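In this text the structure is predicted, and so the values were computed from the model without any measurement. Note: hydrogens, waters and symmetry copies are ignored here, and every other heavy atom, side chains too, is used.
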Amino acid sequence: MEGIQHKFIHVNGLNMHVAEKGQGPLVLFLHGFPELWYSWRHQIVYFADHGYRAVAPDLRGYGQTTGAPVNDHTKFTIPHVAGDLIGLLDAITKEGEKVYVVGHDWGAIIAWHLCMFRPDRVKALVNLSVVFFPWNPKGDLAELLRREYGDDYYVCRFQKPGDIESEIAEIKMSYETLMKKFLTLRDPGPLYLPKGKGFLYSPLPETLPPWLSEEDIEYFASQHKKAGGITGGLNYYRAFHLSWEHTSAWRGAKVTVPTKFVTGELDLAYYMLDTPNYIKSGEFKKDVPLLEEVVVMEGAAHFINQEKPDEISKHIIDFIQKF
């Protein structure tokens, strides 16, 4: 982590924490749930060493970024977060400068929409784990997932404000244990959190995998503690319906920037709503016309940028250096 600089930038009423290293073309890294800028630690160093300026913010509601009304999930819609990123780019780039964007999990969802809203600001996109879900007249993503998997599916359990937080508090689960359960998940099947069992339902690993240290767990846990919990991250899920309402003008819109998609064969998000068929049928390519490559990495699970940092960094740089 040596040489990574940390700064705070005033954006859209937020005091946004940003980790940054390097000089050159800018690569914007967007984290997922329940992560932080820190999930890109390996890529930040790699890209700085290879002639790029790597920038990874804590998104609104996460980590050291402050100013978002955490108790109001209506302020966590896709347009809100995409707006934060445009504000950030305005603050740290020259006028008209395009950047490379890399997203994982929720960061990927945000990146798809950022590129759809403002393709004029993006040179190329590399997204991990979560494919593009076009606006669907049948309902928002949480509704579609509930119909497919039922009320105990994790996204559905995240919908009610305070519900999961209360369950975690009742069983007195530490943030360290919570992060271990999330980050070591390798079951590609649907993730269920049954009412009353919740996070006790998923197993806790006896030992951490070699790519994840106790120090890593402690950093994630300490930042969530300082932020007052994981409500900020859960708000993105709780804003699904409002995001759906606010993005209806983009019905039928496509992502029109050069794109590469990478996922793991053990990633639960890869199997969400029959994603493999969406990819193989050519529908993904129709929605993302400049999609150049899809990579499914053997033996890799959801948190792929941490589990396989060298391979992911190579996948990213091999693609973006073409543009």
Whether Asp287 side chain and Lys254 backbone form a donor-acceptor pair below 3.5 Å: no
Ring-ring centroid check Trp106 Tyr237, cutoff 6.0 Å: yes
According to a 4.5 Å side-chain heavy-atom criterion applied to Ile, Leu, Val, Met, Phe, Trp and Tyr, with indirect links allowed, do Val70 and Leu242 form part of one hydrophobic cluster? no
Which pair of heavy atoms, one from Ile304 and one from Gly264, lies closest together, and at what distance? CD1-N, 3.8 Å
Would you please classify the geometry between the Tyr62 ring and the Tyr236 ring as parallel, tilted or perpendicular, with 30° and 60° separating the classes? tilted
Could you walk me through whether Arg186 and Glu307 satisfy the salt bridge (charged side-chain N to carboxylate O under 4.0 Å, His left out) test, starting with their C-alpha distance in whole Å, then the side-chain angles of each, then the deciding distance to 0.1 Å, before giving a yes or no? CA-CA 11 Å; Arg186 299 187 67 78; Glu307 181 183 350; 3.0 Å; yes
Quick one, Ile316 and Tyr46 - any side-chain contact, counting heavy atoms below 4.5 Å? no
What is the minimum heavy-atom distance between Gly22 and Arg53, and which atoms define it? O-CG, 3.6 Å
For Tyr100 and Phe319, run ring pair (Phe, Tyr, Trp, His ring centres under 6.0 Å): C-alpha distance rounded to whole Å, both residues' side-chain angles, the deciding distance at 0.1 Å, then the answer. CA-CA 10 Å; Tyr100 302 108; Phe319 184 68; 8.9 Å; no
Is it the case that the ring center of Tyr154 lies less than 6.0 angstrom away from the ring center of Tyr192? no
Between Asp216 and Tyr38, is any side-chain donor less than 3.5 angstrom from a side-chain acceptor? yes
Can you sort out the partners of Glu165 under salt bridge (Lys or Arg N to Asp or Glu O under 4.0 Å), two or more places apart, ordered by chain and number? Arg238
Enumerate donor-acceptor pairs with a distance under 3.5 Å from any side-chain N or O in residues 78-86 to protein atoms, sequence neighbours excluded.
{"residue": "His80", "atom": "ND1", "partner": "Thr77", "partner atom": "OG1", "Å": "2.7"}
{"residue": "Asp84", "atom": "OD1", "partner": "Asn12", "partner atom": "ND2", "Å": "3.2"}
{"residue": "Asp84", "atom": "OD1", "partner": "Arg60", "partner atom": "NH2", "Å": "2.9"}
{"residue": "Asp84", "atom": "OD2", "partner": "Arg60", "partner atom": "NE", "Å": "2.7"}
{"residue": "Asp84", "atom": "OD2", "partner": "Arg60", "partner atom": "NH2", "Å": "3.4"}

Listed partners of His246 passing ring pair (Phe, Tyr, Trp, His ring centres under 6.0 Å), at least two apart: none
Restricting to salt bridge (Lys or Arg N to Asp or Glu O under 4.0 Å), what partner residues turn up for Asp90, sequence neighbours left out? Arg121
Please say which of Gln306, Glu35, His31 ends up in a side chain to side chain donor-acceptor pair (under 3.5 Å) with His104. Glu35
Decide, yes or no, whether a salt bridge links Lys225 with Glu176 under the criterion of side-chain N to carboxylate O below 4.0 Å. yes
Thr263 vs Leu128 side-chain heavy atoms within contact, under 4.5 Å: no
Would you call Glu2-Lys21 a salt bridge at under 4.0 Å N-O? no
Judged by modelled atom types alone, do His315 and Glu311 share a side-chain donor-acceptor pair under 3.5 Å? no
Expected output: side-chain Thr275 to main-chain Met272 donor-acceptor under 3.5 Å: yes
Which is it for Asp105 and Ser129 under the side-chain hydrogen bond (donor to acceptor under 3.5 Å, both in side chains) test, yes or no, and what are the steps along the way? CA-CA 6 Å; Asp105 186 75; Ser129 295; over 6 Å; no
Got a salt bridge between Glu292 and Lys285, using NZ or NE/NH1/NH2 to carboxylate O under 4.0 Å? no
Aromatic contact, His6 with His17 (centres under 6.0 Å): yes
Find the distance between CG (Leu125) and OG1 (Thr259) and round it off to the nearest 0.5 Å. 4.5 Å
Can the ring centroids of Trp250 and His113 be said to lie less than 6.0 angstrom from one another? no
Below 30° counts as parallel, above 60° as perpendicular, anything between as tilted: where do the rings of Tyr153 and Tyr149 land? parallel
Do Val99 and Leu89 have side chains that approach each other closer than 4.5 Å (heavy atoms only, starting at C-beta)? yes
Side-chain ion pair, Lys138 and Glu143, N-O less than 4.0 Å: no
Is the shortest side-chain heavy-atom distance between Lys195 and Asp163 below 4.5 Å? yes
Under 6.0 Å between ring centres, would you say that holds for Phe132 and Phe261? no
Student check: side-chain heavy atoms of Leu141 and Leu145 closer than 4.5 Å: yes
Residues passing the salt bridge (Lys or Arg N to Asp or Glu O under 4.0 Å) test with Glu218, sequence neighbours excluded, are none
Do Leu208 and Ser213 have side-chain heavy atoms sitting under 4.5 Å apart? no
Output the distance between atom CG (Asp72) and atom OG1 (Thr231), rounded to the nearest 0.5 Å. 12.5 Å
Suppose we screen for salt bridge (Lys or Arg N to Asp or Glu O under 4.0 Å). Which residues come up paired with Glu283, at least two apart in sequence or across chains? Lys286
Describe, in one word, how the ring planes of Trp37 and Tyr219 are oriented to each other, choosing from parallel (under 30°), tilted (30 to 60°) and perpendicular (over 60°). perpendicular
Answer whether the closest heavy-atom distance between the side chains of Thr65 and Phe8 falls below 4.5 Å. no
Are the charged groups of Asp151 and Arg157 less than 4.0 angstrom apart, N to O? no
Side chains of Gln159 and Arg146: do they bring a donor and an acceptor to under 3.5 Å? no
Rounded at 0.5 Å granularity, tell me how far CG in Leu212 sits from CE in Met179. 8.5 Å
Should the pair Lys260-Asp318 be classified as a salt bridge under the 4.0 Å nitrogen-to-oxygen rule? no
Give a yes or no on this: more than 12 heavy atoms of other residues, nucleotides or ligands lie within 6.0 Å of atom NZ of Lys172. no
Can you check whether Phe33 and Phe182 have ring centres sitting under 6.0 Å from each other? yes
Measuring only between side-chain heavy atoms, which start at C-beta, is Tyr278 closer than 4.5 Å to Val131? yes
Taking all heavy atoms of Leu14 and all of Gly67, pick out the closest pair and write down the distance. CD2-C, 3.7 Å
